[in-house]
Amino acid sequence: MDIRIKKVLQDQPVGQRVAVAGWVRTRRDTGGFSFIEINDGSCLANLQVIADKGLENYQQDIKNLATGSSVVVDGELRKSPAKGQAVELHATKIDIVGGADSETYPLQKKRHSFEFLREINHLRPRTNALGAVSRVRSRLGYAVHNFFQQRGFIQVHTPIITTSDCEGAGEMFQVSTGRERSGEDHFFGRSAGLTVSGQLQAEVYALAMGDVYTFGPTFRAENSNTSRHLAEFWMLEPEMAFCDLDGNRKIAEELLKYLLADVLENCAEDMALFDKFIEKGLIGKLQDVIAKDFIHISYTEAVERLEKAGDKFEYAVRWGADLQSEHERYLSEKLFRCPVAVTDYPASIKPFYMRLNDDGKTVAAMDILVPGIGEIIGGSQREDRLEVLQSRMIETGIDPAEYDWYLDLRRYGSVPHAGFGLGFERLVQFVTGMANIREVIPFPRTPGSAPC
RNA sequence: UCCUCGGUAGCUCAGUCGGUAGAGCAGGUGGCUGUUAACCACCCUGUCGGCGGUUCGAGUCCGUCCCGGGGAGCCA
């Protein structure tokens, strides 16, 4: 039966009959036969097929087999006499399942720019780099579940359609059926939007199940046009009951290290491609991140370090103002050269649900900054004291009546709890070294662009 | 949304001082070779992003719009 190329190359069943199915990457003809390289997506490497001119459809079909065509190849696996591959498949039969006109097929057997590949979004997973990204992304998703399930976390499917706007998390897409635009009748009886965060609902389950996580699509209607923002992205949000900011930070560090180690071990071939062609030294950088403790400094300390840095920043550092991108980059890329957890930000620049510290000026917030990406994780210990939460809501212009269910969590059996959000695409960017976030999600949605 | 740099053949790009366009790759044909970004020869390829303006004449200068890259803001 058909087997995947990954398995053929792993097991190398020399002398046995093997059938593979995939897409032609390239064909080279010699006097008496052709070399055809087949890729089936199971791994980065192609399988080299030897197609002898004695095959019945050689002259009319095989000799003209074009890049992009789909084929089923039956044959015998043999050791390769030449360098470049250990084994090769000597075909006894090649069925051309679907042709591809080389005059119009956009992918050529040469390197294309990522910008061009974005214009043919439906064909780009057939390239080496985007295929490798897809496999690494899939593995990271699997590893996320492994990490949390091994630690007894419960996965919660928080809603995609929500009626609560998690304050400070950006603009919401409105959800409506066409009919509602004219009248007052909302399908849900009130206005609804696509979720900007599953956090508030995750808190509901954390205060019943203990440790939970939610992992799903998230939507931001911001007009952001950068290499690290999407209108639709995937976010991982753990939420832990009986947990403070220190516990939160430790889980975040443990998670990142676990995910990096998992991918280095299980996607070695793809990671080697990124290391060679996308970001030189990537693997060494990730191994360093795994080996060293993350730096932890408070926001106040960070401001002091930045003031002493003597570097000229475009925007001045000032206690009470949010850190600029250039400041964050300085901390993780120049000063410490590793992931940095910055905690205890001024309350005035953070949302209402973050726990107010004893100084009354700062909140138990945490951002983890990573070289090359910036903020990859944002989280906090949550305000678990009813009265403090209520007054923080009023201060920041949130109507407590709208969040009565959220306040109930503090009225009945409130406990210290904490959590964070990890931008999944930013993680994939960090792991693969891909410069633009549009290359690490299969179908990127950005302002003015959602082709398929 | 703002700043900035771009848009020329299917792809990657060159195009001088304003004088109606060129290379490599891809594609086609033939040859050759256990090839592997195969090689050699020949052939084909254009709304110079759109619209308007200046000029005898615009790929080139000006205006404007669209699209893309980089940076900023917002954040994950």
Side-chain angles (χ1 to χ4, degrees), chain A residues 25-37 45-52 64 66-68 78-85 88 90 100-120 127-128 166-171 196-199 215 217-237 252 277 313-315 321-329 349-351 367-370 373-379 420-430 435-438 440-441 446-449 451:
Chain A
R25 282 293 176 83
T26 176
R27 191 199 80 241
R28 295 176 293 274
D29 304 318
T30 76
F33 58 95
S34 295
F35 296 98
I36 305 166
E37 290 198 38
N46 302 324
L47 179 65
Q48 177 163 286
V49 170
I50 309 296
D52 193 85
N64 300 309
T67 301
R78 297 189 198 157
K79 275 196 155 44
S80 176
K83 282 180 184 169
Q85 60 284 315
E88 58 192 24
H90 286 250
D101 184 358
S102 53
E103 297 264 12
T104 55
Y105 186 60
L107 288 174
Q108 299 168 3
K109 48 186 183 185
K110 63 163 206 168
R111 202 196 163 279
H112 290 288
S113 69
F114 290 121
E115 291 80 13
F116 169 69
L117 292 174
R118 237 178 263 155
E119 293 168 16
I120 47 165
T127 63
N128 286 339
C166 194
E167 196 265 336
E171 291 292 313
V196 294
S197 167
Q199 180 203 316
F215 183 22
T218 308
F219 309 86
R220 304 274 166 92
E222 297 287 348
N223 192 10
S224 309
N225 235 307
T226 81
S227 58
R228 56 193 188 284
H229 285 89
L230 290 165
E232 176 180 305
F233 64 100
W234 284 61
M235 187 153 65
L236 168 66
E237 295 174 283
F277 295 114
F313 295 114
E314 197 183 334
Y315 296 90
D322 214 348
L323 298 179
Q324 300 286 318
S325 278
E326 57 177 339
H327 304 145
E328 296 183 344
R329 205 171 289 144
I349 57 171
K350 289 291 182 184
D367 283 358
I368 293 184
L369 314 175
V370 128
I373 308 289
E375 186 179 346
I376 196 168
I377 282 177
F420 60 84
L422 168 73
F424 191 60
E425 284 74 20
R426 289 189 184 173
L427 172 71
V428 182
Q429 271 191 283
F430 184 59
N436 196 304
I437 200 165
R438 292 160 205 203
V440 300
I441 189 166
T446 52
S449 176

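Naming convention: chains lettered A, B, ... in sequence-line order (proteins, then strands); numbering from 1 in each chain.
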Who are the salt bridge (Lys or Arg N to Asp or Glu O under 4.0 Å) partners of R27(A), not counting sequence neighbours?
-> D29(A)
Identify, with sequence neighbours excluded, every residue that meets salt bridge (Lys or Arg N to Asp or Glu O under 4.0 Å) alongside E37(A).
-> R28(A)
Contacts of F114(A) that satisfy ring pair (Phe, Tyr, Trp, His ring centres under 6.0 Å) - sequence neighbours left out | none
Every protein N/O within reach of nucleotides 69-72 of chain B N/O, cut-off under 3.5 Å:
unit_1, atom_1, unit_2, atom_2, d
G69(B), OP1, R118(A), NH1, 2.0
G69(B), OP1, R438(A), NH1, 3.4
G69(B), OP2, R438(A), NH1, 3.4
G70(B), OP2, N436(A), ND2, 3.3
A72(B), OP1, R329(A), NH1, 3.4
A72(B), OP1, R329(A), NH2, 3.1

List for me each residue that meets side chain to side chain contact (heavy atoms under 4.5 Å, CB included) alongside F116(A), sequence neighbours excluded, and say none if there are none.
-> P106(A), H112(A), S113(A), E119(A), I120(A)
Sequence-distant partners of R118(A), salt bridge (Lys or Arg N to Asp or Glu O under 4.0 Å), two or more places apart | E439(A)
Touch check for H90(A), heavy atoms < 4.0 angstrom, all strands: base, sugar-phosphate only, or nothing?
-> base
Is RNA chain B part of any stem, that is, at least 3 consecutive Watson-Crick or G-U pairs with both distances under 3.5 Å, and where?
-> B:1-7 with B:66-72, B:10-13 with B:22-25, B:27-31 with B:39-43, B:49-53 with B:61-65
The ring pair (Phe, Tyr, Trp, His ring centres under 6.0 Å) partners of F424(A) (sequence neighbours excluded) come to F215(A)
Applying salt bridge (Lys or Arg N to Asp or Glu O under 4.0 Å) to E425(A) and not counting sequence neighbours gives R137(A)
Tell me, please, which residues at least two apart from F35(A) pass ring pair (Phe, Tyr, Trp, His ring centres under 6.0 Å).
-> F33(A)
Side chain to side chain contact (heavy atoms under 4.5 Å, CB included) partners for K109(A), two or more places apart | T26(A), T67(A)
When every nucleotide of nucleotides 4-11 of chain B is labelled 5' to 3' by its protein contacts under 4.0 Å (heavy atoms), B for base, S for sugar-phosphate only, - for none, what sequence of letters results?
-> ------BB
